[in-house]
Amino acid sequence: MTDWLITTDLDGTLLNHHSYDATGIPEIIERLQHNAIPVILNSSKTLSELTAWRHQLNLLSPVIAENGGVMAGDQINLCGKAVVDYLPMLHAWRAQQHAPSFAGFSDWTIDEVVDATGLSLAEAALAKDRLVTEPIKWLGTDSLFTEFKSYLAQLGLQCVAGGRFYHVMGRHSKATALAALRLDVSGWLPNYQFKQDYQILALGDGDNDRAMLMAADVAVVMPKPDGSYLKLATRPGQQVIYSALPAPAGWIQCVEQLLFKETV
Ligand SMILES: [Mg+2]
């Protein structure tokens, strides 16, 4: 029987923010799966990127892509507004401004995505394959940013800060998809038998992880690239741990201590 379900951000949480290093992660994921503990990638990355990571890490679980906007196991559920529907409106708004405002993945070539992210060419191509979210760099003034965000709100959209970019997207979060998964946990994870009182362990580092971390029974907050931490307003009974080490070593250390009761 499964006691735990792990859901985790990737960049800066499972993978090192600067180098994307994942040393030791395949080994601990194998150990978790051997102990019937599923690991659900829950990222701002695209389904194409997460599918590649799922294969690389030999994961059996579904994935949650594009900040909760896409859930994919045997079936794919879109929880967000499709970019093909809203991007033309954002670009029309931008064309009406008399000052610089933003540039995003849909504007950039694969080479430009490589420059902005440090991904390889192949990875950057997967990162451009977006369904419901548009990562942008804000290039304008703070006051124009306020106007932009109120325009997004009129369209039922929002702008959320991630590790590298702002993400324009519908009113969903990493917690929205997690809640949907929790409602039908045996449907999404048919290979696991969950205990009635199983616990969710969530790991993240950025603002876009906040809702997911707050929805978890145990939250692990990883240090941001500058060494600071996201501050969480915790619920009564919720355990929050601030990882001393960055990814990937911090992820491994916290999971080992919490789930396997090992001290390093
Ligand atoms: Mg992150």
Side-chain angles (χ1 to χ4, degrees), residues 6-25 28-29 39-54 56-57 59 61 63-71 80 104-105 113 116-120 123-124 126-128 130 132-138 158-169 172-178 200-216 218-232 240-255:
I6 297 180
T7 184
T8 182
D9 171 49
L10 265 79
D11 284 358
T13 298
L14 190 73
L15 313 174
N16 186 266
H17 175 84
H18 303 286
S19 62
Y20 297 104
D21 178 28
T23 302
I25 294 295
I28 190 164
I29 283 182
V39 179
I40 293 165
L41 304 180
N42 194 344
S43 171
S44 59
K45 289 181 182 295
T46 64
L47 181 54
S48 298
E49 290 176 285
L50 291 187
T51 301
W53 275 106
R54 181 157 62 168
Q56 197 167 326
L57 298 171
L59 279 172
S61 319
V63 293
I64 300 172
E66 296 196 48
N67 279 325
V70 182
M71 288 174 70
F105 272 39
V113 172
T117 59
L119 294 170
S120 71
E123 289 166 338
L126 299 179
K128 273 179 65 69
R130 312 201 72 86
V132 297
T133 61
E134 169 76 342
I136 62 163
K137 288 267 188 211
W138 184 255
Q158 59 176 339
C159 188
V160 176
R164 281 183 172 75
F165 303 101
Y166 286 106
H167 298 267
V168 176
M169 54 191 237
H172 52 85
S173 75
K174 293 183 179 188
T176 318
L178 190 58
I200 293 185
L201 167 61
L203 302 97
D205 69 322
D207 263 334
N208 60 340
D209 297 315
R210 183 185 297 280
M212 171 185 79
L213 292 167
M214 289 180 69
V218 179
V220 171
V221 183
M222 303 292 295
K224 293 183 191 183
D226 66 3
S228 68
Y229 292 87
L230 191 68
K231 293 221 170 23
L232 284 188
V240 179
I241 289 154
Y242 293 86
S243 171
L245 298 173
W251 197 99
I252 296 167
Q253 185 184 58
C254 289
V255 168

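Atoms within each ligand, like the ligands themselves, are counted from 1 in listed order.
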Do the side chains of [Y] and [X] get nearer than 4.5 Å, heavy atoms only?
X: E123; Y: T117; answer: no
X: T133; Y: V160; answer: no
X: R210; Y: L230; answer: yes

Fill in: Contacts of W53 that satisfy ring pair (Phe, Tyr, Trp, His ring centres under 6.0 Å) - sequence neighbours left out
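Partners of W53 under the ring pair (Phe, Tyr, Trp, His ring centres under 6.0 Å) test: none.
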Item to complete: Identify, with sequence neighbours excluded, every residue that meets ring pair (Phe, Tyr, Trp, His ring centres under 6.0 Å) alongside Y166.
Response: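 Ring pair (Phe, Tyr, Trp, His ring centres under 6.0 Å) list for Y166, sorted by chain: F145.
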Discussion item. List the residues meeting side-chain contact (heavy atoms from CB on, under 4.5 Å) with P223, not counting sequence neighbours, and say none if there are none.
Written reply: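 By the side-chain contact (heavy atoms from CB on, under 4.5 Å) rule, P223 matches Y229, S243, P246.
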Worksheet item: When you check the space around the Mg ion (ligand 1), which protein N, O or S atoms turn up under 2.8 Å?
Response: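 Metal shell, protein only: D9 OD2, D11 O, D205 OD1.
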